[in-house]
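Only this structure's heavy atoms are used, side chains among them; waters, hydrogens and symmetry mates stay out.
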Amino acid sequence: MIREILRMGDPRLLEKARPVETFGTPELRQLAADMLDTMRAADGAGLAAPQIGVGLRVVIFGLESNPRYPQAEPVPFTILVNPALTPLSDELEEGWEGCLSVPGLRGLVPRFARLAYRGFDLDGAPVEREAAGFHARVVQHECDHLDGILYPMRIRDFTRFGYTDVLFPDADLPAD
Ligand code: NI
C-alpha cells in the first residue's frame with residue numbers, strides 16, 4: 001500500500017528510530033512492502049521507515065535507472081533492518097542529494113566515499129556489504145533518517161542548496 005510521505009517540519013522525522021526486535025513477522029513484511037510501494041510510486045532511490053511515520057530502524061534502497069538521478073550508477077535493491085555503518089576511510093565526497101521528505105529541493109552534501117554496512121534482512125539473516133560512490137551516499141542518507149537527520153542538516157555550503165528546476169534547468173528532473 002502506498003503510504004503518505006512525511007515532509008520536513010514534521011517532528012516525527014526528527015526522532016531516533018527504535019531497533020526491530022522480532023524478525024520475520026507479518027507486520028515487518030507489511031512495513032517493507034508498503035515502503036517499497038511508496039518508494040516506487042514516488043520514483044525514490046531509497047526510503048526509511050520514519051518517512052512513513054514508523055519509528056523503526058528499517059531502510060530500503062536501490063535503483064536501476066531512476067528519473068530523479070539519471071547520472072547515478074545502479075545500486076542493488078536492498079532491505080536493511082537495524083543497519084550499522086563503518087566508514088572505510090576519512091575521505092569525504094560531495095554529491096547532490098534530494099529527499100522525498102524535502103520535495104523540490106537539492107543540496108550538495110559531503111558523505112564518506114567508502115564504507116561497510118551491515119544489518120539484517122526481514123528474516124533476520126545478516127547482510128554485509130561494502131559500498132562506494134552513489135551506493136555509499138544512499139545508504140548514509142537513508143540511515144541518517146533513522147537518527148532523525150535530514151540531508152539539509154549536513155549541507156556545509158548553502159550556496160549549493162536550492163530548487164531542483166532552478167539548479168538544473170536543462171536536466172529535466174522531476175520536480176520533487
Ligand atoms: Ni531522504
Side-chain angles (χ1 to χ4, degrees), residues 1-17 31-55 58-80 83 85 87 91-115 117 131-176:
M1 188 176 77
I2 297 170
R3 306 269 293 262
E4 185 194 348
I5 298 175
L6 307 184
R7 289 179 304 144
M8 185 168 63
D10 191 306
R12 288 172 287 178
L13 289 170
L14 303 176
E15 288 172 8
K16 195 170 164 72
L31 171 63
D34 286 357
M35 288 172 65
L36 180 59
D37 290 345
T38 305
M39 181 179 90
R40 292 237 160 104
D43 280 330
L47 193 75
Q51 290 182 276
I52 58 168
V54 176
V58 179
V59 301
I60 66 172
F61 53 85
L63 78 163
E64 287 179 11
S65 68
N66 186 308
R68 284 168 52 82
Y69 297 95
Q71 315 296 335
E73 67 262 29
V75 176
F77 178 74
T78 305
I79 298 173
L80 207 55
L85 308 185
E91 186 195 342
L92 298 176
E93 230 168 45
E94 299 262 4
W96 290 97
E97 294 185 18
C99 179
L100 296 175
S101 294
V102 190
L105 296 163
R106 295 285 169 108
L108 200 63
V109 182
R111 298 285 187 188
F112 289 109
R114 293 175 54 244
L115 55 78
Y117 63 88
F134 192 73
H135 186 175
R137 176 170 300 280
V138 168
V139 176
Q140 289 169 87
H141 176 116
E142 298 313 328
C143 290
D144 262 359
H145 278 295
L146 305 180
D147 292 324
I149 298 168
L150 301 170
Y151 83 81
M153 302 174 189
R154 298 274 191 200
I155 293 174
R156 289 176 177 171
D157 177 358
F158 279 96
T159 69
R160 315 298 297 282
F161 182 45
Y163 292 98
T164 309
D165 59 337
V166 179
L167 285 164
F168 307 108
D170 302 320
D172 194 29
L173 296 170
D176 66 353

Nearest atoms (heavy-atom pairs only) where [X] meets [Y]:
X	Y	answer
Ala132	Glu73	O-OE2, 4.1 Å
Glu93	Ala113	OE2-CB, 3.8 Å
Val59	Ala48	CG1-CB, 3.9 Å
Ile5	Ala42	CD1-CB, 4.1 Å
Pro152	Phe158	O-CZ, 3.8 Å
Ala32	Ile79	CB-CD1, 4.2 Å

Go through the structure and list residues passing side-chain hydrogen bond (donor to acceptor under 3.5 Å, both in side chains) with [X], not counting sequence neighbours.
X	answer
Asp157	Thr159
Gln51	Ser101
Arg160	none
Arg154	Asp144

Side-chain contact, heavy-atom cut-off 4.5 Å: [X] with [Y]?
X	Y	result
Arg68	Thr164	no
Arg137	Tyr151	no
Pro103	Arg7	yes
Met39	Phe77	yes
Leu92	Arg156	yes
Glu142	Pro83	no

Nearest-0.5 Å distance that lies between atom [atom1] in [X] and atom [atom2] in [Y]:
X	Y	atom1	atom2	result
Phe161	Leu108	CZ	CG	11.5 Å
Ile155	Leu150	CD1	CG	10.5 Å
Leu36	Ile2	CG	CD1	10.5 Å
Leu146	Lys16	CG	NZ	8.5 Å
Leu47	Asp37	CG	CG	11.0 Å

Check: Residues two or more places apart in sequence or in another chain: which of them pass side chain to side chain contact (heavy atoms under 4.5 Å, CB included) with Tyr117?
Finding: Phe61, Thr78, Leu80, Leu85, Leu115, Arg129, Ala131, His135, Val139
Item checked: Partner set under side chain to side chain contact (heavy atoms under 4.5 Å, CB included) for Leu31, not counting sequence neighbours -> Leu28, Met35, Ala49, Ile52, Val54, Leu56, Val58
Checklist line | Met8 vs Cys99, side-chain contact (heavy atoms from CB on, under 4.5 Å): CA-CA, chis, key distance, verdict | finding: CA-CA 10 Å; Met8 185 168 63; Cys99 179; over 6 Å; no
Next item on the list: Could you tell me whether Glu64 atom CD has more than 12 heavy atoms of other residues or ligands within 6.0 Å of it?
Entry: no
Next item on the list: Please lay out, stage by stage, how Ile60 and Arg40 fare under the test side-chain contact (heavy atoms from CB on, under 4.5 Å).
Entry: CA-CA 11 Å; Ile60 66 172; Arg40 292 237 160 104; over 6 Å; no
Next item on the list: Using modelled atom types only, decide if a donor and an acceptor are shared between the side chain of Gln140 and the backbone of Phe112 within a distance under 3.5 Å.
Entry: yes
Next item on the list: Answer yes or no: is there a donor N or O on one side and an acceptor on the other, between the side chain of Asp147 and the main chain of Ile149, under 3.5 Å?
Entry: no
Check: Which one of Val166, Leu167, Asp165 satisfies the side chain to side chain contact (heavy atoms under 4.5 Å, CB included) criterion with Arg106?
Finding: Leu167
